[in-house]
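One-based numbering along the sequence shown. Hydrogens, waters and symmetry mates play no part in the numbers below; they use all other heavy atoms, side chains included.
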Amino acid sequence: GATSKHLQLRSSPLKSHDGTRNGTVLVFSDISRLKELESHRRDFVANVSHELRTPLTSIQGFAETLLTAEITDPEERRRFIKIIHRHAARLGSIIEDLLALSRIERGTEGQAIELSKMDVRSTVRSAIEMCEDRAQGLDIEIDCECEDEAVAAINAPLLEQAVVNLIDNAIKYSERGKHILVKVVPSPQDVRIIVLDHGIGITRKHLPRLFERFYRVDKARSRERGGTGLGLSIVKHVCLAHRGQVDVQSEPGKGSTFTIVLPTPH
Ligand code: ADP
């Protein structure tokens, strides 16, 4: 649990000049954090393997059927090949997201992510543009409220990816014809980028774990919409790289609001 600790204990005898033992030195090291990281890494490897195995199993199965069974109907063959193609694309998206995550994490650790002071509105606008086609296909309109200049120290491509992920989710988890609102709100302390939808919403009990890798409320729906379960963990790591944070408020059946908070430079 959160309060239990992992201690490593080392002991060595203390001897006096004539070799007689007159004491013992005990060293307790708190290795809780190390143990925790180890267990996260193990979970992560297990999760990645599991996520990759599902599409891979389908690809193998359908390819084998094509090879061994006598499927003469060209329509049927084509259907199988389409399934293989879809699962291969899924493998591709998972791997792409994993690579993006590891690049951002490495960059943050080595402080290699360059931030420059600029108005975030152009980045937000281009993120909206990136999502417009998908939204239109579902009759979803994306409104943008960003009247005031909003300067923050940002890495524009990374921030754009984070905002795209949020808008993408807003689209994925909304019904046809709903509106999405994107706002940029500057204040003396910070710049907030708010993505608000009127979609399915999220039950409170899921909120604390939402930004974890591969955490999904409804696996089937996420998969069906082409989700990888990594979008929000990318958003979180982009925010950390900016020394900012991401918050969520949501009500089931009403919609969700995700807020990226970026500190203002001085
Ligand atoms: P995914 O690829 O599954 O969308 P994310 O990491 O982007 O993965 O999101 C994790 C989960 O959070 C999703 O599977 C979904 O259950 C939930 N979620 C994210 N954004 C929204 C939203 N705007 N409305 C409702 N649920 C959401």
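Relative to the six-membered ring of Y173, R225 misses at least one condition, a distance below 6.0 Å or an angle of at most 45° to the axis.
For CZ of R221, the number of neighbouring non-hydrogen atoms (other residues, nucleotides, ligands) closer than 6.0 Å is greater than 12. In this structure, E132 places its CD atom where more than 12 heavy-atom neighbours from other residues, nucleotides or ligands lie under 6.0 Å away. Heavy atoms of other residues, nucleotides or ligands lying less than 6.0 angstrom from CD of E105 number more than 12. Counting heavy atoms of neighbouring residues, nucleotides and ligands inside a 6.0 Å radius, atom CD of E38 exceeds 12 of them. Applying the 6.0 Å contact sphere to CG of D133 captures no more than 12 heavy atoms from other residues, nucleotides or ligands. The local environment of CD in E75 is sparse, with at most 12 non-hydrogen atoms from other residues, nucleotides or ligands closer than 6.0 Å.
Counting heavy atoms from C-beta outward, L210 and F258 have side chains that approach closer than 4.5 Å. Side-chain contact between L166 and L232: present, with at least one pair of heavy atoms (C-beta onward) separated by less than 4.5 Å. Proximity of L101 to H237: side-chain heavy atoms (C-beta onward) are separated by under 4.5 Å at one or more points. Side-chain contact between L91 and I59 is present, with at least one heavy-atom pair separated by less than 4.5 Å. The shortest distance between side-chain heavy atoms of I94 and L98 falls below 4.5 Å. Residues V124 and V182 meet the side-chain proximity criterion, which asks for heavy atoms closer than 4.5 Å. Within the 4.5 Å cutoff, the side chain of L158 has heavy atoms near those of the I113 side chain. Within the 4.5 Å cutoff, no side-chain heavy atoms of V217 are placed close to those of I200.
Side-chain contact check for D247 and Q245: at least one donor-acceptor pair (N or O, by modelled atom type) lies under 3.5 Å. For the residue pair D30 / H6, no side-chain donor-acceptor distance below 3.5 Å is found, with atom types taken as modelled. Using modelled atom types, one finds a donor on one side chain and an acceptor on the other under 3.5 Å when comparing R10 with Q8. Side-chain N/O atoms of E160 and S126 include a donor and acceptor closer than 3.5 Å.
Ion pairing between a basic and an acidic side chain is recognised when a charged N comes within 4.0 Å of a carboxylate O; R79 and E76 show such pairing. Between R33 and E36, at least one side-chain N (NZ, or NE/NH1/NH2) sits under 4.0 Å from a carboxylate O, which counts as a salt bridge.
The backbone N or O of I202 lies less than 3.5 Å from a partner atom in the side chain of S250, making a donor-acceptor pair.
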Open item on the list: Go through it in stages, so that I can follow the logic: the residues are R213 and E51, the test is salt bridge (charged side-chain N to carboxylate O under 4.0 Å, His left out), and I'd like the CA-CA distance, side-chain angles, deciding distance and then a yes or no.
Closed with: CA-CA 11 Å; R213 293 173 174 126; E51 297 288 337; over 6 Å; no
TODO: Using the side chain to side chain donor-acceptor pair (under 3.5 Å) rule, take T264 and D190 through it: C-alpha gap first, then chi angles, then the decisive distance, then the call.
DONE: CA-CA 5 Å; T264 22; D190 53 45; over 6 Å; no
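The only member of V185, I193, I128, V184 that meets side chain to side chain contact (heavy atoms under 4.5 Å, CB included) when paired with C146 is V184.
Using the six-membered ring where Trp is involved, F80 and F62 have ring planes that are perpendicular, over 60° apart on the 30 and 60° scheme.
When all heavy atoms are compared, the tightest approach of R216 to T228 is NH1-O, 3.7 Å.
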